[in-house]
Protein chains: 2
Amino acid sequence: MQPRPHSTLEDVAKAAGVSPATASRALNGTTQVRPHLRERVLKAAEELAYTPNAHARALAGAAHRTVGVICHDVSDPYFAAVAGGIMRVASDHDLLVTLASTFRDPEREVAYVSMLRAERAAAILLIGSGFENPDWERALGAELEPYLKGGGRVAVVSRHRSLRVDTVLPENRAGAGAMARALLDLGHRRFTVLAGPRTLTTVADRVGGFRDELRRAGVALRPADIVESAFTRDGGYAAMTEVLTRGLDATCVFAVTDVMAIGAVAALRDRGLSVPADVSVAGFDDIPIVRDLTPPLTTVALPLQQLGERAIELALTENPGRRRRIHRMAGEVVIRASTAKAL
Amino acid sequence: MQPRPHSTLEDVAKAAGVSPATASRALNGTTQVRPHLRERVLKAAEELAYTPNAHARALAGAAHRTVGVICHDVSDPYFAAVAGGIMRVASDHDLLVTLASTFRDPEREVAYVSMLRAERAAAILLIGSGFENPDWERALGAELEPYLKGGGRVAVVSRHRSLRVDTVLPENRAGAGAMARALLDLGHRRFTVLAGPRTLTTVADRVGGFRDELRRAGVALRPADIVESAFTRDGGYAAMTEVLTRGLDATCVFAVTDVMAIGAVAALRDRGLSVPADVSVAGFDDIPIVRDLTPPLTTVALPLQQLGERAIELALTENPGRRRRIHRMAGEVVIRASTAKAL
DNA sequence: GCGCTTTCTGTAAGCGCTTTCCGAGTGCTA
DNA sequence: TAGCACTCGGAAAGCGCTTACAGAAAGCGC
């Protein structure tokens, strides 16, 4: 006869000559069990290579030990850094982290929330920009609502608007504004902005913050100065190439993301232009690699690890009234060698 | 009265005026259910925002829809790339991915396997180097064994030796050997090797492959030419600094990892040395960023995404006899501008 | 050594779902 | 209209665990 795939609590109990209840108590230490019995149970468990079935446990009412994280793409360095913070905290709390990449597909995002809901995850974390499309946000909200009602905890990073949940919010507008000021101070007056998809709130905020600050200084950003592209290295490369093809008249390029800035620099190089001698380039995020580029990238530094840490801490912290807590985190302009004084 | 946190199948059944059994069948489509009943069930489920409890489902015998991935550090670009491949395939199969970072702590690794075992994950994937310490590998094997016996599937990437499980193996020895040959062809005869911790099999293989190929050409690598350090950018920086401090007499630096090579280049720069004019630098892995460095890094290119894809596919593929399947993947030397002819 | 409290152990219910086993309903043929 | 083969729906068991609840043992003072 085929043996049962895993040994169960009952097997252990039988082997130790006690009841399942006692075995459970001995293993979990919920109640006092006389030492010699506890010993026997532990030994039996050891010998049978017993591992409690987490599903049975969860079903029987034990606390859930999983938190779900939904991001756009695991292999994006921005997310990797944030995830690092999340994992650190999760590991301190003995939580397992379930990760899902949406590849920027809103439907997939909703589907993942649903799966995580089915798992009865202790918390769900959404990392990265939301979508400007109200329908999608509404669908997401509808999926989240019953989860929250059922005691689930949700926190989001860098995503706001419609969702009434705990939020960790990098100050995208302010950061982009500060960057605009810094670049103006360097004497730049003509800019090209490399934007990600307008459908993302993060893009809207960063572009908006940058434009507004420029306007305040009497510098206009024309629609043609803003190029939209994918939120990736190749997106940055493509956008930059497009600009170069139709003729660059800016002295400075601001990419809404470091990853895009990296692509932009590559495109500039491939056209024989030098950074910052011919064009200055600035990014946003301060992902770890950019300080090792040549030249190191000027950027708005976000505390990426902390973004993740705060998010999971927020989600794990009791919030009786279910008030929306917003934790803003400032970015700091870091001037490195990719930007120079305008000629 | 406080409502039950989540609506259950029974609630749905009641609302639809059918038995739980019928509701289950309607929702899962296991058996034919008459259209009008199925309609009613679906509608009730919709209205109640019903999400099946994955735990109950798993307990009742449904297939498990989670695969566990254990890596050293999520924020390492090497892993991020491999994870990208895993997630892609997982998403095609509607699987949820649970990720754990061990931070190179073997005990934590075992603990995570145990947690994943408790979750009855459909498969467990171990990404990244194993440990040279036989005790640790044995402990890991002991944890994995009952899981395998219980029908669990395991695959590992870039990790071998003791574990008798499906393996995706980048050809570390051969790759490092090929790199040695390429560097010899450029005229280099004096090398410094930046190694990660000797306790990792990957390090041993890469250093070994490099050394052996050198020896074959009559070039000796003295112990002092090999510097051991952490497997990170800062580790590479520190190791390079140490070498520079006591005096560099090599014309070429081989770092066993791109990430370490990046640190090495930074250290060289900070000392005013230029790459490759003063020293050539080569890495291993071909993580995406290195082609955008200045100079772009010479390295051994591994198909990182594919490593992940193969691993999960291997684990998901039936393997009746439980034979150990090894899928070797070759690396390819890519000469970029960080290496030059020796003077 | 008796009765009392206190501590420990076992019995049994129940978490939410799937699935087997039947009985009831349906459609077809003669 | 009776008889038969099917198709569908419901009752109930059971997945492995936790946790009241209640009963047994142990400890205490007298």
Side-chain angles (χ1 to χ4, degrees), chain A residues 2-42 44-45 48-65 115 117-121 146 150-151, chain B residues 2-42 44-45 48-65 115 117-121 146 150-151:
Chain A
Q2 168 98 358
R4 248 222 269 39
H6 301 272
S7 45
T8 69
L9 185 62
E10 201 183 339
D11 299 336
V12 174
K14 211 165 283 170
V18 300
S19 76
T22 304
S24 170
R25 290 188 272 245
L27 257 10
N28 297 311
T30 10
T31 319
Q32 231 28 276
V33 173
R34 261 178 314 168
H36 71 283
L37 281 189
R38 136 183 258 96
E39 288 288 277
R40 257 158 56 193
V41 171
L42 260 31
L48 291 171
Y50 169 72
T51 308
N53 183 323
H55 296 299
R57 206 175 230 186
L59 194 55
H64 302 271
R65 303 236 53 87
M115 290 177 81
R117 199 146 86 78
E119 301 265 312
R120 302 295 187 264
Chain B
Q2 169 99 356
R4 248 221 271 36
H6 300 272
S7 45
T8 70
L9 186 62
E10 201 182 339
D11 299 337
V12 174
K14 212 165 281 170
V18 299
S19 76
T22 306
S24 170
R25 289 189 272 245
L27 258 9
N28 297 310
T30 9
T31 318
Q32 226 35 270
V33 174
R34 262 176 311 168
H36 70 284
L37 282 190
R38 132 182 262 97
E39 287 289 276
R40 258 158 54 195
V41 171
L42 261 31
L48 292 170
Y50 170 71
T51 309
N53 183 322
H55 298 298
R57 203 174 234 187
L59 194 54
H64 301 271
R65 305 234 54 85
M115 290 176 81
R117 198 145 88 76
E119 301 265 313
R120 302 294 186 263

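Chain identifiers are assigned alphabetically (A, B, ...) following the order of the sequence lines, protein sequences preceding nucleic acid strands; residue numbering begins at 1 within each chain.
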In terms of the nearest nucleotide of DNA chain C, which residue is placed more toward the 5' end: A:Ala56 or A:Val33? A:Val33

Would you mind telling me which of [options] lies closest to the side-chain atoms of [X]?
| X | options | value |
| --- | --- | --- |
| A:Leu37 | D:dC17, C:dT20, C:dT9 | C:dT9 |
| B:Ala21 | D:dA12, D:dG16, C:dC17 | D:dA12 |
| A:Thr8 | D:dC15, D:dC17, C:dC17 | D:dC17 |
| A:Ala60 | C:dC17, D:dG10, C:dG14 | C:dG14 |

Using distance alone, with no hydrogens and no angle criterion, decide if A:Thr31 and A:Arg25 have a side-chain donor and acceptor under 3.5 Å apart. no

Between the side chains of B:Arg57 and B:Asn28, is a donor N or O closer than 3.5 angstrom to an acceptor N or O? yes

C:dC22: pairing nucleotide in any strand, Watson-Crick or G-U under 3.5 angstrom: D:dG9

Both distances below 3.5 Å, Watson-Crick or wobble geometry, any strand: find the nucleotide opposite D:dG29. C:dC2

Tell me: [atom1] of [X] to [atom2] of [N], nearest whole Å?
| X | N | atom1 | atom2 | value |
| --- | --- | --- | --- | --- |
| B:Arg65 | C:dC17 | CZ | C1' | 16 Å |
| B:Arg117 | D:dG16 | CZ | P | 15 Å |
| B:Asn53 | C:dG14 | CG | P | 18 Å |
| A:Arg57 | D:dG16 | CZ | C1' | 11 Å |
| B:His6 | C:dG16 | NE2 | P | 9 Å |
| A:Glu10 | D:dC17 | CD | C1' | 11 Å |
| A:Gln32 | D:dA24 | CD | P | 22 Å |
| A:Leu59 | C:dA13 | CG | P | 17 Å |

Does [X] have a side-chain nitrogen or oxygen under 4.0 Å from the phosphate oxygens OP1 or OP2 of [N]?
| X | N | result |
| --- | --- | --- |
| B:Ser24 | C:dC17 | no |
| B:Ser19 | D:dA11 | no |
| A:Arg34 | C:dT9 | yes |
| B:Asn28 | C:dT18 | yes |

Got a donor-acceptor pair under 3.5 Å from the side chain of B:Arg120 to the base of D:dG16? no

